[in-house]
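Contents: one structure, followed by commentary.
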Number of protein chains: 2
Amino acid sequence: MTDSPRTLLQPTAAAAIGLVDDALSADQLVTLVGRCRVVYEGRATSTLGPGDRLVVRKPDGTMLVHTDEGHQPVNWQPPGSSCDCRLADSGVVLESKHENPSEELIIRFETITHAATFDPNDPNELALSGTESDLRDQILESPSLVEPGFEPRATERKTSAGAIDIYGEDTDGRAVVLELKRRRAGPDAVSQLNRYVDALTRERHADATVRGILVAPSVTDRAHRLLAERGLGFVSLSPTE
Amino acid sequence: MTDSPRTLLQPTAAAAIGLVDDALSADQLVTLVGRCRVVYEGRATSTLGPGDRLVVRKPDGTMLVHTDEGHQPVNWQPPGSSCDCRLADSGVVLESKHENPSEELIIRFETITHAATFDPNDPNELALSGTESDLRDQILESPSLVEPGFEPRATERKTSAGAIDIYGEDTDGRAVVLELKRRRAGPDAVSQLNRYVDALTRERHADATVRGILVAPSVTDRAHRLLAERGLGFVSLSPTE
DNA sequence: CGTGCCAGGTGCCAT
DNA sequence: ATGGCACTTGGCACG
């Protein structure tokens, strides 16, 4: 039971509202192009003066306001948001509300250039590779990539400071904590590793040394210094060649 | 010198390519809706099987592929990417390339439901409030919000571990490091504060204690424990009331 | 340019 | 629901 795609060029406000209302009740995706102002209030607050933008409303409640620049929408509303479309001051107004967190987005159109709807059918999932999870699998497959004789014992091993990416032992039987990063690592990655090493050291009463190794394609200078200060190691590995 | 907005419903491949090519040379924004497959290769690699999606190309080179769900595009290309539109296997193919980092996105359409272009005029900037910068201004305005007698001395004070949000002194003349977060803070915020306190302690040789205070609306349990372990403080403050 | 860090980050999965 | 963290994170400001 799919509805036909529709498109309107320079529609009247009434026609645009009709289109949007139909699309909302039919769980269609809507795109609107036109001159609008935007007000947001929620986790933060924002206002955006008049300009030509692309507005997208998805059937899952997502709303996006895109300007002519940049990857990110200038304003948006998360999935699960409601949408109300009405006439105000002879213009189309979209009002989207979300609860928990409480957020409200109001888009006031002066002009609508295009309005279009369609019924998306998208059964396929994205297959992504080159992630941290792939790097983890590589290491579990060939532990010697980390160092000769390294033996993984667990992944996601829990500590009081969080879960260790890979926990294992070296040839001398010492505990080894690996923190993995799919790309060049900075100070935050070193701190993360440091937290896990501290926590594990505390858990295994003091004396037995716990080694920590950051595994990433590379590290920044600052991160390198931090590693040295904390007595932590580094191994260069990339998720895919 | 603005071009008119155009829209096509169920265009032929040739018509769609004509529209896109015109839009590319006129620096217009393009939206395409239709059934497509997507392949990405760059910092990572991905494939996406056939489905109905919304594709947006912006004049700054940004490309977005949106499915029917979620705030984020399923695939994209950053600003500054090229775009080539051609016919292949009797379908429209968009090929976008980016250099540094090297990334390539290929979108193969089976069907095109809508194609539309317009010339965006968007002179206004977003005015956002409730940011960390607002929280900083509040504290500089009323330092006693942190604690009675607190005196800010500098913002963005440089240390070997990075820049301190607010550096100051307490009533006893002790150095105080503030790390600000606009929302509930987790372990990473504590580690960040800890890095700055360590660095500053090192710089001011040793004995003089350096205090560290995390300023945020709230902290998680784990973060609270970490603060205690490290002898760091916490003050509850929100960027806007 | 690279480094570091904020973001209305988002999304995923765990408890 | 909250927490902890990865993400093709994106974006900005600064050296």
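Lettering of chains follows the sequences in order, A, B, ..., and the numbering in each one begins at 1.
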What is the nucleic acid contact for B:Arg182, judged by heavy atoms within less than 4.0 Å: base, sugar-phosphate only, or nothing? sugar-phosphate
Provide, to the nearest angstrom, the distance between the CG atom belonging to B:Leu128 and the P atom belonging to C:dG9. 10 Å
Tell me what A:Arg195 touches on the nucleic acid: a base, only sugar-phosphate, or nothing, going by heavy atoms under 4.0 Å. sugar-phosphate
Sidechain N-carboxylate O distance under 4.0 Å for A:Arg108, A:Glu110: no
Which part of the nucleic acid, if any, lies within contact of A:Gln77, taking any heavy atom under 4.0 Å across all strands shown: a base, the sugar-phosphate backbone alone, or nothing? base
Hey, are the side chains of B:Pro59 and B:Leu29 touching, using non-hydrogen atoms and a 4.5 Å cut-off? yes
With nearest nucleotides of DNA chain C determined for B:Tyr196 and A:Ser46 from heavy-atom distances, which residue corresponds to the more 5′ nucleotide? B:Tyr196
Base, sugar-phosphate, or nothing for B:Ser133, non-hydrogen atoms under 4.0 angstrom? nothing
For A:Arg136 and D:dC5, what is the distance between atoms CZ and P respectively, to the nearest whole Å? 16 Å
Which part of the nucleic acid, if any, lies within reach of A:Gly70 when heavy atoms closer than 4.0 Å are counted: base, sugar-phosphate only, or nothing? sugar-phosphate
Reckon A:Glu69 touches a base, only the sugar-phosphate, or nothing at all at heavy-atom distances under 4.0 Å? nothing
Cationic N near anionic O, under 4.0 Å, B:Lys97 to B:Glu95: yes
Which part of the nucleic acid does A:Pro187 contact within heavy-atom distance under 4.0 Å: base, sugar-phosphate only, or nothing? sugar-phosphate
Heavy atoms only, 4.0 Å cut-off, all strands: where does B:Glu132 land among base, sugar-phosphate and nothing? sugar-phosphate
Taken to the nearest whole Å, CD1/A:Ile164 to C1'/D:dA6 is 17 Å
Side chain to side chain, B:Met63 and B:Val55, heavy atoms closer than 4.5 Å: yes
Return the 5'-most residue of the pair B:Gly42, B:Arg184 with respect to DNA chain D, ranking by each residue's nearest nucleotide. B:Arg184
Check for a donor-acceptor pair, side chain of B:Ser96 on one end and backbone N or O of B:Ser82 on the other, with a separation under 3.5 Å. yes
Looking only at side-chain N and O atoms, does B:Arg43 come under 4.0 Å of OP1 or OP2 in D:dG10? yes
Taking N and O atoms by type only, does the side chain of B:Asp188 place a donor or acceptor under 3.5 Å from a partner on the base of D:dG4? no
At under 4.0 Å between heavy atoms, what does B:Ala185 touch on the DNA or RNA strands: base, sugar-phosphate, or nothing? nothing
Do the side-chain N or O atoms of A:Trp76 get closer than 4.0 angstrom to the phosphate oxygens (OP1, OP2) of C:dG9? no
Grab the CD-C1' distance between B:Glu99 and D:dT8 for me, whole Å please. 17 Å
To the nearest Å, give me how far apart CG (A:Asp60) and C1' (C:dG11) are. 13 Å
Under 4.0 Å: is that the gap between some side-chain N or O of B:Arg222 and OP1 or OP2 of D:dG4? yes
Using a 4.0 Å heavy-atom cut-off across all strands, classify B:Thr45 as base, sugar-phosphate, or nothing. nothing
Any side-chain N or O of B:Lys158 less than 4.0 Å from the OP1 or OP2 oxygen of D:dC14? no
Would you indicate which nucleotide in C:dC6, C:dG8, D:dG3 comes nearest to any side-chain atom of B:Thr220? D:dG3
Base, sugar-phosphate, or nothing for B:Gln192, non-hydrogen atoms under 4.0 angstrom? sugar-phosphate
Is the shortest distance from a Lys or Arg side-chain nitrogen in B:Asp84 or B:Arg86 to a carboxylate oxygen in the other one below 4.0 Å? yes
Between D:dT8 and B:Asn75, counting only base atoms on the nucleotide and side-chain atoms on the residue, is there a donor-acceptor pair under 3.5 Å? yes
Considering only atom P, compute the distance from C:dG11 to D:dG11 and round it to an integer number of Å. 16 Å
Between D:dG4 and C:dG8, how many Å separate the two P atoms, rounded to a whole number? 22 Å
How long is the line joining CG of B:Leu135 and P of C:dA7, in whole Å? 9 Å
From CG of A:Leu64 across to C1' of C:dG9 the rounded distance in Å is 14 Å
Side-chain contact check for B:Pro79: nearest option of C:dG11, D:dG11, D:dA6 is D:dG11
Does A:Arg211 pair with A:Asp170 as a salt bridge, N-O distance under 4.0 Å? yes
Return the nearest nucleotide to the side chain of A:Thr131; candidates are C:dC6, D:dC7, C:dG8. D:dC7
Phosphate oxygens OP1/OP2 of C:dG9: is one of them under 4.0 Å from a side-chain N or O of B:Arg183? yes
Within this structure, what is the OH-to-P distance between A:Tyr40 and C:dG9, rounded to whole angstrom? 8 Å
Quick one: does A:Glu103's side chain get under 4.5 Å of A:Gln77's, heavy atoms only? yes
Indicate, yes or no, whether a donor-acceptor pair under 3.5 Å links the base of C:dG11 to the side chain of B:Gln72. no
